[in-house]
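These notes concern the structure reproduced below.
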There are 2 protein chains.
Amino acid sequence: MKKQPAKITSHEVAAEAGVSRSAVSRTFTPGASVAPRTREKILAAANKLGYRPNALARSLIVRRTQLIGLVMAEWENPFYTRMLRLFSERLQDEGYQLVLLTSNTEADADKAVRRLMQYQVDGVIVVSARPSAAAAKECAANGTPLVLVNRQTAGRRTSSVTCDNRRIGEDIVALLAGAGYRRFALLRGDPTAITGADRTDAIRAAVAKIRGARIVADLINTFGYDEGRRAIRDLWQQPERPDAIICSSDLTGLGVLDGARTDLRIDVPDELGVVGLGDIPQSGWTAYQLTTVHLPIDEMIDLAVKDVLARIADPDRSPRPMVANARIVGRASTR
Amino acid sequence: MKKQPAKITSHEVAAEAGVSRSAVSRTFTPGASVAPRTREKILAAANKLGYRPNALARSLIVRRTQLIGLVMAEWENPFYTRMLRLFSERLQDEGYQLVLLTSNTEADADKAVRRLMQYQVDGVIVVSARPSAAAAKECAANGTPLVLVNRQTAGRRTSSVTCDNRRIGEDIVALLAGAGYRRFALLRGDPTAITGADRTDAIRAAVAKIRGARIVADLINTFGYDEGRRAIRDLWQQPERPDAIICSSDLTGLGVLDGARTDLRIDVPDELGVVGLGDIPQSGWTAYQLTTVHLPIDEMIDLAVKDVLARIADPDRSPRPMVANARIVGRASTR
DNA sequence: ATGAAAGCGCTAACAA
DNA sequence: TTGTTAGCGCTTTCAT
């Protein structure tokens, strides 16, 4: 009984089949020229020995790993886990594997990107985190395409996929104002995220244009369900209560809804309108029916994947910002 | 302007620092002996050139990749995405990276495992999918530890982490029977999953022991929210309506709850009791308050990770089945 | 403490 | 079509 089962290499297979290692290599390289008879001999030998080519050794010479690094943040948000799933499935279909790294703090993103580079990933996708300009530069220096999803950098060596955030902001205000709401409260997440800032700016501008409308509260760092639920309590204590709440995530919106309906017995949507962002499945559930912005997740995935793959295939192709189109889904949480 | 920026290798660094490549290697190998002065020269050169050791080339010779393969199924279930997150964070802390593969059909699991082997992962974790005995054997042959989470195999060359499913079943019935429920309906997922089968057996046995109690329905392949919601409608048409529903996932339970309360205006918990499985965050939300079984996710992660790492460190260590302890969380969906 | 040489498992020119 | 040779970037004896 062998303790350390020797790994089978092309060498062993070659010996077994009575050919050279190159022949073995060719047999496992699609489109290489091998005589049918030898190929069969080799396949038989390989099968008998249980041979599997070493993808890492291979990558050393072909200079391609079929590995894509993905840096993930905001695991709490189902929108992003769904994204992860779709990226994984899509890239798998395209013949790539994902190397997954989690970056909880923004500083981690850099470390994650650097680690990925050491593993010679063919490309890097960063979801909802922002690596430093230095890290981006390093990718560029290595010729590794980098694409940011739902985040942008100042640097121009990085591709990014975002939504048309300004328009989202405008659409939300239009919907709410049209339904007669006037006193808006903003529940925002990370105030430094460009994508959120654009939306907020647009909202402010749009509100300013409507007579009688104003923003009565603007809370930042309000991320999840619990925060939303707490926020509505606080807002309801204010001298001037809002009659519409704009959240930067569905999760927050659901928290607000529970806080409003259950804790405070507020009449939604008549006394208070709520809109979320993301259109996660729960928002459509009967218990919630949250009006929200459906983010074009499929389109975003598609743009991101096509961009990395294209830049892998053609290193001279330059990175660029891309924007996908969102649309509002009206439900029972607004009039 | 360089088109194809040459990758910096230890060779370049050695030249720049005026030393040999071995010296460079030693500098980047913790615990190797290098004179402080040379080390500094080398670090300076490396820094200047932006050198990063190639982890793949390294792995070829040290025969360790610091890569762990993870095969993921059931992405719809937040319980499992949470697991993925915890695995990712934990293993990252331990100095490993995850190679993530998705397997939607059971047959895919095999392909996934084989792909991972080609990437020379140090270990494989399969979450809620069941690779074939052949695939498991292949891992064993390569000396790659394999651990199944929430699933088991007949073969004994594989570790597994599950819950004490029989006890869960007994506890659920005890709770419901104690609250006076008698007509049970079972909403199950994959009927071939051993873990679910054990629980179901225990439930049946426990119900049989209670006078007047019986199982009035047993539906299989009922997985998600929508299925749960549809199921309760169907059940309510039956001649004998259940007064308690036991679901094999929280998501199903939430669907049942919405179907019952909203669609059918059933009085929960008096007319109908509902219990889920998993204790996902939503189950605790005010709108739902689903009584459920809290699965010991942290303990499961811990067992799985410790097992892989231990078997990586000591290839002679034999695989084994492990079981973690669940506990029931009583909420408003049962009396 | 350091360098020379060998080799991990593979592919790619090049000849034959 | 096939084998020989060289080498991807790294680590590791083995001398020095």
Side-chain angles (χ1 to χ4, degrees), chain A residues 4-43 45-46 49-67 117-122 142-144, chain B residues 4-43 45-46 49-67 117-122 142-144:
Chain A
Q4 295 286 94
K7 287 232 179 183
I8 304 299
T9 76
S10 66
H11 187 81
E12 276 78 68
V13 179
E16 173 78 24
V19 296
S20 74
R21 298 167 62 223
S22 336
V24 178
S25 171
R26 290 190 187 100
T27 317
F28 288 91
T29 306
S33 74
V34 203
R37 248 188 69 71
T38 23
R39 148 179 247 103
E40 257 174 56
K41 262 196 316 195
I42 293 172
L43 249 24
L49 300 177
Y51 170 69
R52 308 271 169 207
N54 182 327
L56 266 29
R58 166 167 227 273
S59 80
L60 211 53
I61 144 98
V62 300
R63 323 194 81 81
R64 240 178 227 156
T65 53
Q66 302 298 111
L67 251 28
M117 306 291 306
Q118 306 214 153
Y119 278 87
Q120 316 300 118
V121 294
D122 292 341
N142 275 302
T144 309
Chain B
Q4 294 287 93
K7 285 231 178 181
I8 304 300
T9 75
S10 66
H11 187 82
E12 277 77 71
V13 179
E16 173 78 25
V19 295
S20 73
R21 298 167 60 224
S22 332
V24 177
S25 171
R26 291 191 185 100
T27 314
F28 287 90
T29 305
S33 72
V34 203
R37 248 189 69 71
T38 22
R39 144 175 252 104
E40 257 174 54
K41 263 197 316 197
I42 293 173
L43 250 23
L49 300 178
Y51 170 69
R52 308 272 169 205
N54 182 326
L56 264 30
R58 165 165 228 276
S59 81
L60 210 55
I61 143 96
V62 300
R63 322 195 83 82
R64 271 261 145 115
T65 52
Q66 302 297 110
L67 250 28
M117 306 291 307
Q118 305 212 158
Y119 279 87
Q120 315 301 117
V121 295
D122 292 341
N142 276 301
T144 308

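Not measured: the values here are computed from a predicted model.
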Checklist outcome for this item: Output for pair (Leu49(B) CG, Glu12(B) CD), nearest 0.5 Å, gives 7.5 Å

Checklist outcome for this item: Between the OG1 atom in Thr144(A) and the NZ atom in Lys7(B), the distance rounded to the nearest 0.5 Å is 5.0 Å

Item to check | Check: Thr65(A) side chain, Ser59(A) main-chain N or O, donor-acceptor pair, under 3.5 Å | outcome: no

Item to check | Met117(B) CE to dG9(C) P, straight-line distance once rounded to whole Å | outcome: 14 Å

Checklist entry - In whole angstroms, how far is the C1' atom of dT12(D) from the CZ atom of Arg64(B)? => result 17 Å

Next on the checklist: Measure NZ/Lys41(A) against P/dT1(D) and give the value in whole Å, please.
Outcome noted: 15 Å

Item to check | His11(A) NE2 to dG7(C) C1', straight-line distance once rounded to whole Å | outcome: 13 Å

Item to check | Stepwise side-chain contact (heavy atoms from CB on, under 4.5 Å) check, Gln66(A) with Gln118(B) | outcome: CA-CA 12 Å; Gln66(A) 302 298 111; Gln118(B) 305 212 158; over 6 Å; no

Checklist entry - salt bridge (Lys or Arg N to Asp or Glu O under 4.0 Å) with Glu16(B): which residues, sequence neighbours excluded? => result Lys48(B)

Checklist entry - Where is the tightest heavy-atom contact between Val24(B) and Ile42(B), given as atom of each residue plus distance? => result N-CD1, 3.9 Å

Next on the checklist: Under a 3.5 Å distance rule, please check whether Glu40(A) uses its side chain to pair with a backbone N or O of Arg37(A) as donor and acceptor.
Outcome noted: no

Item to check | Contacting residues from residues 28-38 of chain B, given that a heavy atom lies under 4.0 angstrom of DNA chain C | outcome: Ser33(B), Val34(B), Ala35(B), Thr38(B)

Got a list of protein N/O to nucleotides 6-9 of chain D N/O distances below 3.5 Å?
| unit_1 | atom_1 | unit_2 | atom_2 | d |
| --- | --- | --- | --- | --- |
| dC8(D) | O3' | Arg63(A) | NH1 | 3.3 |
| dC8(D) | O3' | Arg63(A) | NH2 | 3.4 |
| dG9(D) | OP1 | Arg63(A) | NH2 | 2.4 |
| dG9(D) | N2 | Ala57(B) | O | 3.4 |

Item to check | ring pair (Phe, Tyr, Trp, His ring centres under 6.0 Å) against Tyr51(B), all qualifying residues, sequence neighbours excluded | outcome: Phe28(B)

Checklist outcome for this item: Looking only at heavy atoms, the pair that brings Asn54(A) and Leu60(B) closest together is ND2-CD1, 4.0 Å

Give every pair of a protein N or O atom and an N or O atom of nucleotides 13-16 of chain C that lie under 3.5 Å apart, one pair per line with the distance.
| unit_1 | atom_1 | unit_2 | atom_2 | d |
| --- | --- | --- | --- | --- |
| dA13(C) | N6 | Arg26(A) | NH2 | 3.4 |

Checklist entry - Could you give all pairs that pass the salt bridge (charged side-chain N to carboxylate O under 4.0 Å, His left out) test and reach residues 26-35 of chain A, with sequence neighbours left out? => result none

Checklist entry - Of Val62(A) and Leu56(A), whose closest DNA chain C nucleotide lies nearer the 5' terminus? => result Leu56(A)

Checklist entry - Would you say Lys41(A) and Thr27(A) make side-chain contact, with heavy atoms under 4.5 Å? => result no

